[in-house]
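Step one of this worksheet: look at the structure below.
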Amino acid sequence: MKKITLIGLLLVITSIMIAQVNLDSLRRTAQGDVEAIDALLKTANDNIVTSPRRTIAIAKQALILSREAERFTQGAESANMLGRAYSVLAKYDTALSYFFIAEGFSQRSGDPHQQASTYVNIGAAYTYMQEYKQALRYYARALEFNDESLNKRVYHNTAAIYMDQENYKMAREYLLKSLEISRESRDSIDMATTMNILGEAYRNTSEFSEAQDWYDKALAIFESQGSEYGWVIVMNNKGTLYLDQGEKELALKIYEQALKTNQKLGNQEAEATLLTNIGVVYRLKGNYDRGRSYLKSALKIALENGYLNRVEKALLELHETLSLGNKYKEAYKVQNRYISLKDSLDQLRNDRQIQELQTRFDAKERELALVHSNNENQQLRLGRQQLLLVMIAIILVVIALVVALILNRYWVIRRLNKNLEESNSQIQSQNMRISGNNDRLLRSNKELKEFAYIVSHDLKEPLRMIGSYVTLIERRYKDKIDEDGRDFFTFATRGVKQMKQLLDDLLKYMVVETNEYEVEKVALNDVLTGVEANLLSRIKETNTFLEIGELPTLRGNRSLLILLFQNLISNAIKFRSEEDPHIVISALKDNNKFLFTVKDNGIGVSEDYQKKIFSIFYRVYGKHQYEGTGIGLSICQKIVGLHGGKIWVESEEGKGSTFFFTLGDMEKMVANEDLITA
């Protein structure tokens with residue numbers, strides 16, 4: 001008995017020593033993984049601007065190591081690094097896919113700063129792709145974390161959106177907010193970057209002295225910090241400032257200085273931009289051959305690097321230069337390339353939502369696989385701990401060891417098998433539901449893509465060609481055309497524009513019908529703030545007074561609700577009376593739904609037409625009296641229906657109109673639709 005006890009004691013001591021050695025080895029391996037990943041990320045970050053492709057190769061290694069070591073923080077940082085590098089290369093769809101992977105990692109890491117940073121990166125990618133509604137949605141999520149170091153990026157990027165929409169007043173307000181945060185944190189590079197964009201905002205409103213002042217401040221900071229890339233960007237904008245003022249020689253000199261410095265940096269996008277601008281200057285000077293040479297060089301660089309926006313700009317300027325240089329045959333070929341590129345870009349934008357959903361689905365599958373792997377690892381660790389406890393128990397109860405070990409292993413294995421079966425069942429059920437939803441979404445979007453292709457290619461292409469050649473003929477023979485001829489050209493141009501608007505509205509109507517939408521909590525007062533900003537110029541032009549009451553928060557789709565209120569307010573402004581428009585928006589609870597009213601003092605609608613105005617293409621007034629296609633209220637009816645509600649109007653001709661509609665929980669409507677489909 002003593003020998004058996006001694007042997008058992010020796011076995012326990014040996015097992016404990018082996019376990020300790022293994023734990024020490026695991027700790028050293030884990031620490032080594034973290035240090036290796038951090039080293040890779042530092043190298044990748046150092047090369048992100050000058051050598052983005054090298055950054056991509058390094059960051060991919062870091063991402064693989066992070067997944068294997070279950071380091072979620074480093075995984076999110078690696079995926080964000082990859083997204084930023086692809087953004088530098090203007091491959092924004094690929095960048096988005098990595099930002100979505102980073103979103104999954106950051107949620108598992110629980111780091112709020114990292115989550116907010118990832119939302120800002122996603123918003124920036126959507127901004128570059130001119131998907132502004134999606135971008136603002138992610139910027140709003142980032143602001144919820146109240147991270148001051150990221151708020152300035154949000155303000156900065158939001159200003160860029162307003163710049164592109166030519167709302168320079170709002171852009172300046174956001175830029176000044178960003179500049180204030182940069183000054184408080186003493187971030188010189190951010191200050192200079194913001195000052196440069198402020199210069200752009202003033203230049204676009206022809207406030208040239210203010211623009212010059214902001215550019216000079218930005219240049220001084222970039223020079224003091226040794227940032228040659230920032231200096232090149234500001235010099236390019238400064239050259240454009242002089243060109244706007246008619247100082248072509250000075251603009252050319254500045255562009256050439258910036259190009260010479262950029263050639264040392266090797267930034268291909270900046271080089272394509274500068275070559276395009278230099279080509280434009282030579283065209284304005286009347287040197288069409290030299291201008292054509294620079295523009296062709298810019299086009300070549302943009303095509304080789306996949307900078308689609310730069311390709312579009314270079315083709316447009318090259319067509320203008322060739323036309324003025326009387327090289328009409330070559331100009332015709334360039335124009336066809338430009339039209340083909342526009343069609344490709346339109347098709348690409350239509351496919352982005354499908355790509356985003358597919359990317360999210362793939363990321364979810366990877367996350368489920370990672371969870372499954374983690375469960376297996378946890379089970380292995382649990383088994384080792386239990387074995388160690390059983391071996392320690394040998395010292396206390398030698399006789400009962402065999403029975404206790406058999407019972408313990410039996411119940412452990414049974415419990416683990418049961419948990420594993422439940423987990424597998426849940427995963428399979430979830431995968432089946434995701435697969436079913438994905439198939440339905442793909443079928444719906446395939447039909448939408450086919451329709452969008454017909455509209456954008458087979459119908460829009462002849463319209464673009466007609467409009468282009470009408471403009472070209474008018475410009476070439478303007479001295480030979482009498483006043484009646486010029487009127488005919490005006491009618492032709494107006495007809496092309498009306499047909500294009502009709503096609504665009506019809507496409508928008510079909511997209512509302514067939515799309516999948518994300519359901520979230522939507523504060524409708526915030527929605528109305530966004531709508532008011534979108535219609536700001538129209539509101540000011542018509543002296544409209546918009547009175548908005550206290551509106552509820554409900555679950556729905558933010559983009560659709562913005563479109564609903566924007567269409568109703570636009571109609572109220574369009575069909576105004578001789579008085580200044582006065583629009584009142586209010587809501588009250590009606591059982592499980594909310595009843596909304598949009599009341600105006602416009603021209604009103606006769607009782608005979610009140611039910612017909614929600615029909616597609618129906619117009620109470622002739623197309624020459626009021627612009628539009630008769631689709632807006634049909635879209636409103638679709639949106640209200642998606643949110644489980646109804647819409648109607650009460651009006652008296654000459655005394656204004658009141659639109660009533662109800663909105664419920666869109667999430668319940670989506671769930672019911674899934675049940676019906678199943």
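Every heavy atom of this structure was used, including side-chain atoms; hydrogens, water molecules and symmetry mates were not. Residues take their numbers from the sequence shown, with the count starting at 1.
- Counting heavy-atom neighbours within 6.0 Å of F145 CZ, excluding the residue itself, gives a total above 12.
- Residues N534 and Q566 bring a donor and an acceptor atom of their side chains to less than 3.5 Å of each other.
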Checking E520 against R558 for the salt bridge (Lys or Arg N to Asp or Glu O under 4.0 Å) test, could you report, in this order, the C-alpha distance in whole Å, the side-chain angles of both residues, the deciding distance, and whether it holds?
CA-CA 8 Å; E520 60 182 342; R558 182 180 298 274; 3.8 Å; yes

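- A side-chain donor-acceptor contact under 3.5 Å links R172 and T205.
- In this structure, F659 and F614 have perpendicular ring planes: the angle between them is above 60°, well past the 30° mark.
- Between F661 and F565, the ring planes are perpendicular. Angles over 60° get that label, and only those under 30° would be called parallel.
- The CG atom of N571 lies 9.5 Å from the OG atom of S657; values are rounded to the nearest 0.5 Å.
- No side-chain N or O of T597 forms a donor-acceptor pair with one of T658 less than 3.5 Å apart.
- Screening T542, N543, T544 against D580 for a side-chain hydrogen bond (donor to acceptor under 3.5 Å, both in side chains) leaves a single residue, N543.
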Assess the residue pair E173 and K169 against the criterion (salt bridge (Lys or Arg N to Asp or Glu O under 4.0 Å)); give the C-alpha distance rounded to whole Å, side-chain angles, the decisive distance to 0.1 Å, and a yes or no.
CA-CA 7 Å; E173 290 182 10; K169 181 180 178 182; 5.2 Å; no

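- When only modelled atom types and interatomic distance are considered, Y139 and T127 share a side-chain donor-acceptor pair under 3.5 Å.
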Verify salt bridge (Lys or Arg N to Asp or Glu O under 4.0 Å) between E200 and R203, making sure each step is shown before the conclusion.
CA-CA 5 Å; E200 283 292 278; R203 180 182 68 79; 3.1 Å; yes

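- Side-chain atoms of S577 and E579 include no donor-acceptor pair closer than 3.5 Å.
- Classified by interplanar angle (parallel below 30°, tilted 30° to 60°, perpendicular above 60°), the ring pair W214/Y202 is parallel.
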